[in-house]
Amino acid sequence: IFNPSHFGSLFSVFNPDIINSVQIFKGDMPVTDYGAISSSVNVHTREGNNQEWKFTGGLGLISAKGLVEGPLVKDKSSILVSFRRSYIDLFLKLPDTETDPELDYYFYDLNVKYNHKLNSKNRIYISGYSGTDYLLIQGHLVHTNQMLNFRWNHIINDQLFSNSSLVFSRNYLEQLVQDSGTEILWSRYVYNYSLKHTLNYYPWRNTVIKMGASVNAFDINPYTFKIFDLNSYTEKSAEINEYLIVPSIY
């Protein structure tokens, strides 16, 4: 997920209730993170409860959240759903006048995770995320992140474990500017597709050898402009999208 925070970077895009562990790398990325050169946050989310159904929720000063988890098949599969939405807009919303333009802002996050135990050596995970920031002030600014991840965990033997992942993510930014009867809509997006296979080998106690290979592909649209006025409509886009394929092995 790109830019994993809401406007102002005051809130993470991850609801704390679903987090199991977090690793933060400010530099010197491990090779398992595609050799990234910027900062990276590695988030491991919780698995749903496969014994009983549970619900938790809460109200904060600016947001409300809820989480439900439980077994679809006891001892075999479970699902976890978490939702959070701010209600800053209830306090920020002002009447739209010539001197005081309308002001509105909110964000929301939706996390879903499903896991299913096929047998003693195979388990699959499907997880998804969708979140949006919406700011309205003389136009609007919308920032959206979406992600879908399929993972297969396989135990080869007592010393060798494998994980295979197929991931799709989308980052979208849109801005609408209004001025004297003219509207300018600017947008850009980044699509990311990745296929990753890892092996963890434990030859003896307290020792692990990690191996893996991956292909990471990007489809980047730098900009699209749409200009509306009373008598005309103009659209201009980048002549070509930018494509990038990054294979790696370690």
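It should be emphasised that the depicted structure is a prediction, and the values quoted were computed from it without experimental measurement. The analysis underlying the following values was restricted to heavy atoms, covering all of them including side chains, and did not include hydrogens, waters or symmetry mates.
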Under the criterion side chain to side chain contact (heavy atoms under 4.5 Å, CB included), which of N15, I18, L110 is the partner of R84? N15
Distance-only donor-acceptor hits, side chain of residues 61-81, under 3.5 Å, sequence neighbours excluded:
residue : atom : partner : partner atom : Å
K65     : NZ   : D17     : OD1          : 3.4
E69     : OE1  : R46     : NH2          : 2.8
E69     : OE1  : N49     : N            : 3.0
E69     : OE2  : R46     : NH2          : 2.6
D75     : OD1  : Q51     : NE2          : 2.3
S77     : OG   : V73     : N            : 3.1
S78     : OG   : G48     : O            : 3.0
S78     : OG   : N115    : ND2          : 2.8

Kindly give the heavy-atom pair with the smallest separation between L173 and L141, and that separation in Å. CD1-CD1, 4.1 Å
Connecting only ILVMFWY residues whose side-chain heavy atoms lie within less than 4.5 Å of each other, what is the rest of L160's hydrophobic cluster? I156, L199, Y201, I209, M211
Can you find a side-chain donor-acceptor pair between D219 and N241 that sits under 3.5 Å? yes
Can you measure from OG (S82) to NZ (K113) and round to the nearest 0.5 angstrom? 12.5 Å
Are side-chain heavy atoms of N192 and F2 found at a separation under 4.5 Å? yes
Same apolar cluster: F218 and Y243, side chain cutoff 4.5 Å: no
Find out if a path of hydrophobic residues (ILVMFWY) with successive side-chain heavy-atom gaps under 4.5 Å connects I126 to L118. yes
Side chains of L166 and Y193: closer than 4.5 Å at any heavy-atom pair? no
Cluster link I155 to Y125, ILVMFWY, side chain under 4.5 Å: no
Assess the residue pair T198 and K210 against the criterion (side chain to side chain contact (heavy atoms under 4.5 Å, CB included)); give the C-alpha distance rounded to whole Å, side-chain angles, the decisive distance to 0.1 Å, and a yes or no. CA-CA 7 Å; T198 63; K210 295 185 176 182; over 6 Å; no
Let me check something: do Y114 and L148 share a hydrophobic cluster, defined by ILVMFWY side-chain heavy atoms less than 4.5 Å apart, either directly or through other members? yes
Compare all side-chain heavy atoms of N163 with those of R151 and state whether any distance is below 4.5 angstrom. yes
If you apply the rule side chain to side chain contact (heavy atoms under 4.5 Å, CB included), what do you find for H140 with E174, and how did you get there? CA-CA 8 Å; H140 68 240; E174 173 185 288; 2.8 Å; yes
Quick one: are H143 and N171 in side-chain contact, heavy atoms under 4.5 Å? yes
Nearest heavy-atom neighbours spanning S164 and H197: OG-ND1, 2.7 Å
Side chain to side chain contact (heavy atoms under 4.5 Å, CB included) evaluation trace for L59 with Y87: CA-CA 10 Å; L59 291 174; Y87 36 74; 4.2 Å; yes
For Y172, is the NZ or CZ atom of R170 found under 6.0 angstrom from the centre of its six-membered ring and inside 45 degrees of the ring axis? yes
Value for CG (L135) from CD (Q175), rounded to nearest 0.5 Å, stands at 9.0 Å
Hey, what's the ring geometry for Y223 with F225, parallel, tilted or perpendicular (30° and 60° as the breaks)? tilted
Can you tell me if CG on N20 sees more than 12 non-hydrogen neighbours from other groups inside 6.0 Å? yes
Do V208 and F161 come within less than 4.5 Å of each other through their side chains, counting heavy atoms only? no
Would you call V246 and L244 a side-chain contact if the rule is heavy atoms closer than 4.5 Å? yes
Out of curiosity, E47 CD to S127 OG, how far, rounded to the nearest 0.5 Å? 11.0 Å
Run Y106 and Y134 through ring-ring contact (aromatic ring centres under 6.0 Å, His included) and show every step you take. CA-CA 6 Å; Y106 69 84; Y134 180 85; 5.5 Å; yes
Can you hop from V13 to Y191 via hydrophobic side chains spaced under 4.5 Å? no
Non-neighbouring partners of S165 that pass side chain to side chain donor-acceptor pair (under 3.5 Å), sequence neighbours left out: none
Kindly indicate whether the side chain of Q23, heavy atoms from C-beta on, has any atom under 4.5 Å from the side chain of H44. yes
Side chain to side chain contact (heavy atoms under 4.5 Å, CB included) for Q146 and F168? Distances and angles first, verdict last. CA-CA 8 Å; Q146 295 168 326; F168 165 76; 5.7 Å; no
Scan side-chain atoms only and decide if Y129 and D109 contain a donor-acceptor pair under the 3.5 Å cut-off. yes
Which of F14, Y108, F107 passes ring-ring contact (aromatic ring centres under 6.0 Å, His included) with H6? It is F107
